[in-house]
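The structure appears right after this line, and notes come after that.
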Amino acid sequence: MTRDCAFATQDCSFRYRAAALLERGGRVLLVSSASHGALGLPGGAVHLDETAADAARRELFEETGLHAAPVRLIALHECFFDTPAPAPAPRAHVVELVFLMRIEGEDAPLPPGNGDETPRWVAPDALDAERLFPPALREWLRTRPTGIQHWVTRENEPLSELLGADCCFTGESVWFRYRAAVIAPEGDAVLMAHFTPENYDYAVGGGVYLDETAEDAALREAWEETGVRFETERLAVINESFFDGRGTLSGRRAHVLEVYFLLKPRGTTALHPPQGEDAGAHYLPIETLDTTEHFPLFLRDYLRERPQTALHLVTRENEPPRPDPGTPAAQPPMTDEG
């Protein structure tokens, strides 16, 4: 039995999605929604223990019958909007990873749709008269930027009363969290926090709140743990992390979507933790990452290479679950010849 990476409180729902951008003969595959009045990308909820790329491939097949392979991640999209009844909550917070895909094998005809959503190929010159969702998709199709874009779509006013509730849920055997963190190098050192009970260091960060952007969460967490108002330089890493829980999470499979932002150097390593804060924030010499237990596991290589564009990583420390027979993710990859 699968479970979506989604939950709802009485005030706000959260959903983690994957979407596919597929092109053929200069046309873009979009889904027209009668209820939303817009053209959008095919996609749907990511399942627990499933990578976003596998989810995009699965959802595309379920909605259109097309087999496609992910080429690269093109965008992190955070969306906030009001949801009328009978939705489970009056507000929604959606996080979506958008993948550029390419068709594998023979090109199948599109299904007629399910009454509300109908997939169709749309020519670029026909898009000007259409309402697109996400809105940033129009600019992406026009300019074709390289790298991973960060789109934020807010259709309602932020609600401060929601801040404090993490985008996180715990099940009998699973744990999901949407987390934001910072990569803050300063000279030959990097900002870290120390977790004393298990004696390891981790990049400063924490859970994203409902109705909060990942960037705002990263800066808030940095402020709470250091007493310093940092500035972001850019999106750095999107990491899908899968591991077996330990400590209080022992016996659960953990699935974490992490968004890291690179911070601007300040010219000093002085910190001013708020009174009562005991997170152990400190600057750690980068060279000591070779000999200390730290998270994320990619941090040492990232700091050595200093990539100029955002990275998309999948970090799996446990065995993936066996997919259901017959799903696209369970089938062997196809060649261009089908």
Side-chain angles (χ1 to χ4, degrees), residues 1-19 43-56 58-59 76-83 85-97 152 156 158-181 195 197-198 202-203 205-218 220-221 224 238-260 295-296 314-321 323-324 329:
M1 180 178 178
T2 58
R3 175 176 174 178
D4 293 348
C5 294
F7 71 96
T9 69
Q10 65 177 5
D11 299 309
C12 187
S13 64
F14 173 85
R15 181 171 290 263
Y16 170 32
R17 287 174 41 96
V46 177
H47 293 166
L48 283 165
D49 234 335
E50 178 183 44
T51 68
D54 282 345
R58 173 182 52 76
E59 287 285 343
L76 163 69
H77 178 215
E78 300 181 87
C79 184
F80 308 87
F81 53 94
D82 293 330
T83 51
R91 301 170 69 91
H93 179 171
V94 177
V95 177
E96 183 175 62
L97 297 188
V152 177
N156 57 16
L159 191 63
S160 60
E161 289 83 351
L162 290 176
L163 296 182
D166 281 0
C167 298
C168 173
F169 65 83
T170 303
E172 184 177 344
S173 60
V174 295
W175 181 73
F176 174 84
R177 194 179 203 194
Y178 180 38
R179 184 175 186 270
F195 186 58
E198 298 186 28
Y202 62 93
V208 179
Y209 291 158
L210 286 170
D211 213 43
E212 180 182 43
T213 68
E215 184 172 2
D216 285 346
R220 171 181 54 75
E221 288 284 344
E224 290 174 357
I238 297 171
N239 182 43
E240 300 176 63
S241 181
F242 304 88
F243 55 93
D244 292 328
R246 63 189 194 186
T248 58
L249 296 178
S250 181
R252 292 185 172 91
R253 293 176 67 89
H255 182 170
V256 182
L257 176 63
E258 301 176 301
V259 181
Y260 290 82
F295 297 96
V314 176
T315 306
R316 185 175 281 280
E317 301 175 47
N318 57 13
E319 290 297 319
D324 296 331

Legend entry - Backbone of S241 reached by a side-chain donor or acceptor of E258 within 3.5 Å: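 Checked: no pair found.
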
Inset, instruction - Spell out, as yes or no, whether a donor-acceptor pair under 3.5 Å connects the side chain of S13 to the backbone of A6. - result: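 No; zero donor-acceptor contacts below 3.5 Å.
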
Which atom names give the shortest non-hydrogen contact between [X] and [Y], and what distance separates them?
{"X": "R252", "Y": "V174", "value": "CD-O, 3.5 Å"}
{"X": "E50", "Y": "A55", "value": "OE1-CB, 3.4 Å"}
{"X": "V208", "Y": "R220", "value": "CA-NH2, 4.5 Å"}
{"X": "A203", "Y": "P296", "value": "CB-CD, 3.8 Å"}
{"X": "A18", "Y": "A56", "value": "CB-N, 3.7 Å"}
{"X": "R15", "Y": "A45", "value": "NH1-CB, 3.0 Å"}

Inset, instruction - Would you sort out whether T9 and F14 count as a side chain to side chain contact (heavy atoms under 4.5 Å, CB included), showing the intermediate values? - result: CA-CA 9 Å; T9 69; F14 173 85; over 6 Å; no

Got a sec, which residues hit ring pair (Phe, Tyr, Trp, His ring centres under 6.0 Å) with [X], two or more places apart in sequence or on another chain?
{"X": "Y209", "value": "none"}
{"X": "H255", "value": "F176, F242"}
{"X": "F80", "value": "H93"}

Legend entry - Atom CD of Q10: over 12 foreign heavy atoms under 6.0 Å: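 Atom CD in Q10 is not packed in, count stays at 12 or less.
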
Inset, instruction - Look up atom OG1 in T170 and atom CZ in F7, then write down how far apart they are to the nearest 0.5 Å. - result: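 T170 atom OG1 to F7 atom CZ measures 10.0 Å (nearest 0.5 Å).
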
Inset, instruction - Mind checking the CG-CZ spacing from L48 to F169? Nearest 0.5 Å is all I need. - result: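 Between atom CG of L48 and atom CZ of F169 there are 4.5 Å.
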
Of all residues at least two apart in sequence or in a different chain, which pass the side chain to side chain donor-acceptor pair (under 3.5 Å) check with [X]?
{"X": "R17", "value": "E96"}
{"X": "D82", "value": "N156"}
{"X": "E198", "value": "R246"}
{"X": "Y16", "value": "none"}

Identify, with sequence neighbours excluded, every residue that meets side chain to side chain contact (heavy atoms under 4.5 Å, CB included) alongside [X].
{"X": "A53", "value": "T51, P70, F99"}
{"X": "C168", "value": "D166, W175, R177"}
{"X": "L159", "value": "R91, E161, L162, D211"}
{"X": "D216", "value": "E212, T213"}

Legend entry - Side-chain ion pair, D49 and R3, N-O less than 4.0 Å: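 Looking at R3 together with D49, the answer is no, because their closest N to O distance does not fall below 4.0 Å.
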
Inset, instruction - Report yes if some heavy atom in the side chain of L257 is under 4.5 Å from a heavy atom in the side chain of L97; otherwise report no. - result: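 Contact flag for L257/L97 side chains = yes.
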
Legend entry - Heavy-atom side-chain contact between L210 and D11 under 4.5 Å: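 No, every pair of side-chain atoms sits at 4.5 Å or beyond.
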
Legend entry - For E59, salt bridge (charged side-chain N to carboxylate O under 4.0 Å, His left out) partners two or more places apart: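 Listed in chain order: nothing, the list is empty.
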
Legend entry - side chain to side chain contact (heavy atoms under 4.5 Å, CB included) evaluation trace for H47 with D4: CA-CA 4 Å; H47 293 166; D4 293 348; 3.1 Å; yes

Inset, instruction - Start with the C-alpha distance between R253 and D244, add both sets of side-chain angles, then the distance that settles side chain to side chain contact (heavy atoms under 4.5 Å, CB included), and finish with yes or no. - result: CA-CA 5 Å; R253 293 176 67 89; D244 292 328; 4.0 Å; yes

